[in-house]
Amino acid sequence: MRTIQMSDYTVGEDCFEAIPRILAQYGAKKVVLVGGENALAAASPEIIEVLNAADILVLDTIVYGKDSTQTNVDKLAGDPNFRDADVAFAIGGGKAIDTVKTAALSLEKTVFSVPTICSNCSAATAIAVIYNDDGSLDRYAYPNAPAHIFINPKVIAEAPAMYFWAGIGDALSKQPEVEYATSDGNLTHTAELGLSLAHTCTEPLMTYGEQGLADVRADTSSEAVRRIALDILVNTGYVSNLTNQPDFYYNSSLAHAFYNATTGVEREGRTHLHGEVVSFGVLVLFAYAGDTAELERYARFNRALGLPVTLAELDLDESHLSRIAELAQNTNEWRQANPQPFDSARFIEAIRAADAFGRTLA
């Protein structure tokens with residue numbers, strides 16, 4: 001038996017008005033709002049106004065913490081108001097939503113997601129990234145996908161532009177990673193459907209990415225912002241749920257193996273966002289696969305948006321490569337999402353090749 005979860009979604013600047021109708025479908029009378037401080041400030045006043053008008057009780061508004069760690073998951077799962085709520089609203093970015101989804105799993109609690117940024121596809125997925133308290137990767141958790149997503153382009157457009165920028169970088173990985181991971185063929189219906197939908201993920205980013213980013217930087221809700229948000233939150237989220245199953249994993253590959261490995265590499269410099277690092281990992285994947293044309297196309301798009309095309313932009317250099325290759329071998333992507341066993345030396349050479357081409361664009 002296989003059950004595939006796909007979140008319903010409502011999109012529009014008036015999307016919060018649909019909340020009472022959707023809650024009624026679940027018989028929900030008590031809710032809790034959980035998110036980061038900034039996310040709650042951006043979205044919760046309007047949500048609370050709608051809930052109050054519908055006589056739905058808001059038990060609490062909870063700041064989850066700063067990262068999707070097991071510590072924060074346990075703290076949230078033990079909160080009496082969280083436990084008592086019929087539905088938990090996960091408000092914010094991927095780390096907030098992943099924390100809520102994972103805490104809700106053991107309680108069999110329904111989650112609605114309200115992405116205030118679109119830095120990744122967590123708002124729709126049945127997977128969560130859990131980090132250690134020091135910021136290094138702990139594991140993937142496999143909670144239920146949110147039952148419903150409320151996508152408000154105005155809230156997303158008015159959030160810090162760096163998250164939209166990084167979200168484009170993360171979404172750039174979906175199509176090439178799934179295509180590479182499934183390249184041996186012999187797929188089930190579910191995997192074939194995931195691959196088919198993956199083919200829709202890149203072109204909206206290439207078409208609307210520059211305009212969408214410019215609009216977000218101007219705090220302007222637009223069709224470009226809406227298209228990018230739907231691509232990141234829905235298209236890539238649905239692909240994730242179709243390609244991440246108990247008997248196969250095609251959801252991510254070398255681009256995320258590269259990112260996950262870098263979380264364990266100590267280096268000086270600023271903190272780099274998930275999608276920022278993944279976008280360079282995509283170039284590594286193309287170099288590894290020997291697809292020079294796509295490496296160059298994606299690298300030029302990265303350069304146009306200011307996403308990284310060199311190791312130096314990620315505060316990495318040659319001295320880090322052996323450690324990255326070592327840590328990459330411990331990732332889910334290295335162990336499972338490979339049409340043939342990955343080669344560590346070839347991986348290092350692919351990193352060098354991606355960096356070398358990126359330096360020609362400087």
Side-chain angles (χ1 to χ4, degrees), residues 3 5-10 15-117 122-131 133 138-152 155 233 237 241:
T3 300
Q5 286 190 296
M6 292 296 186
S7 306
D8 296 333
Y9 64 95
T10 302
C15 68
F16 297 150
E17 295 176 11
I19 288 175
R21 175 176 57 82
I22 303 303
L23 281 171
Q25 297 174 13
Y26 294 85
K29 297 295 185 181
K30 300 178 295 182
V31 305
V32 64
L33 312 184
V34 186
E37 290 183 13
N38 293 335
L40 289 169
S44 65
E46 186 176 350
I47 294 173
I48 291 172
E49 182 179 351
V50 168
L51 292 171
N52 287 341
D55 291 325
I56 295 166
L57 180 61
V58 179
L59 295 177
D60 201 359
T61 300
I62 302 171
V63 176
Y64 84 102
K66 296 290 187 181
D67 207 346
S68 53
T69 62
Q70 190 62 48
T71 299
N72 286 332
V73 168
D74 292 341
K75 181 180 178 181
L76 183 59
D79 186 292
N81 287 325
F82 184 81
R83 298 176 71 89
D84 196 37
D86 299 319
V87 166
F89 281 80
I91 302 173
K95 291 181 176 181
I97 295 172
D98 279 358
T99 301
V100 178
K101 290 189 304 188
T102 307
L105 178 62
S106 62
L107 304 174
E108 299 183 349
K109 187 174 301 299
T110 299
V111 173
F112 290 169
S113 62
V114 182
T116 58
I117 58 175
S122 174
T125 62
I127 189 171
V129 184
I130 305 299
Y131 294 92
D133 290 337
D138 177 5
R139 71 188 193 283
Y140 289 146
Y142 297 95
N144 295 322
H148 202 100
I149 317 167
F150 294 93
I151 303 169
N152 188 324
V155 171
L233 299 169
N241 292 340

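Distance CD1/I48 to OG1/T61: 4.0 Å, rounded to 0.5 Å. With rounding to the nearest 0.5 Å, the separation of OG1 in T102 from CD1 in I130 is 4.0 Å. From S122, atom OG reaches atom CD1 of I149 across 9.5 Å, with rounding to the nearest 0.5 Å. One distance of note links CD1 of I117 with CD1 of I91; it measures 13.0 Å at 0.5 Å rounding.
The shortest non-hydrogen separation linking A39 to G92 is CB-CA, 3.5 Å. For the pair L107 and A77, the tightest heavy-atom approach, listed with the atom from each and the gap, is CD1-O, 4.0 Å. In terms of heavy-atom proximity, P45 sits nearest to A41 at CD-O, 3.5 Å.
Proximity of a side-chain donor or acceptor of D98 to a complementary backbone N or O of V129 within less than 3.5 Å is detected. Counting only distance, with no hydrogens or angles, the side chain of K101 and the backbone of I127 share a donor-acceptor pair below 3.5 Å. At least one donor-acceptor pair under 3.5 Å links the side chain of S7 to the backbone N or O of P146. Checking side-chain atoms of S113 against main-chain N and O of P115 turns up no donor-acceptor pair under 3.5 Å. Panel note: side chain N241, backbone A124; a donor-acceptor pair is recorded below 3.5 Å. With hydrogens and angles ignored, the 3.5 Å screen pairs a side-chain donor or acceptor of D86 with a backbone N or O of K30. Formation of a donor-acceptor pair under 3.5 Å by the K109 side chain with backbone atoms of F82 is found in this model.
With sequence neighbours left out, F112 forms a ring-ring contact (aromatic ring centres under 6.0 Å, His included) with Y26, F89, F150. Listed by chain and residue number, nothing satisfies the side-chain hydrogen bond (donor to acceptor under 3.5 Å, both in side chains) test with D79 (two or more places apart in sequence, or in another chain).
Judged by the 6.0 Å and 45° rule, K95 forms a cation-pi pair with Y131.
F16 is not listed as a side-chain neighbour of E49, based on a closest heavy-atom distance of 4.5 Å or more. Side-chain contact between I22 and D8: absent, with no pair of heavy atoms (C-beta onward) separated by less than 4.5 Å. Residues T69 and D138 fail the side-chain proximity criterion, which asks for heavy atoms closer than 4.5 Å. Side-chain contact check for Q70 versus D74: some heavy-atom pair is nearer than 4.5 Å. In this structure, P20 and V50 have side chains that are in contact, with non-hydrogen atoms separated by less than 4.5 Å. Inter-residue side-chain proximity for V31 and I19 is flagged as unmet; no heavy-atom pair is nearer than 4.5 Å.
Residue I151 forms a side-chain contact (heavy atoms from CB on, under 4.5 Å) with just one option from L233, T10, V114, and that option is L233. Of the options V100, V111, N144, a side-chain contact (heavy atoms from CB on, under 4.5 Å) to L105 is made by N144 and by none of the others.
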Between T99 and N72, does a side chain to side chain donor-acceptor pair (under 3.5 Å) hold up when you go through it step by step? CA-CA 7 Å; T99 301; N72 286 332; 5.6 Å; no
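No more than 12 heavy atoms of other residues, nucleotides or ligands sit less than 6.0 Å from atom CD of E108.
Sorted by first and then second residue, the side chain to side chain donor-acceptor pair (under 3.5 Å) pairs involving residues 34-48 (not counting sequence neighbours) form an empty list.
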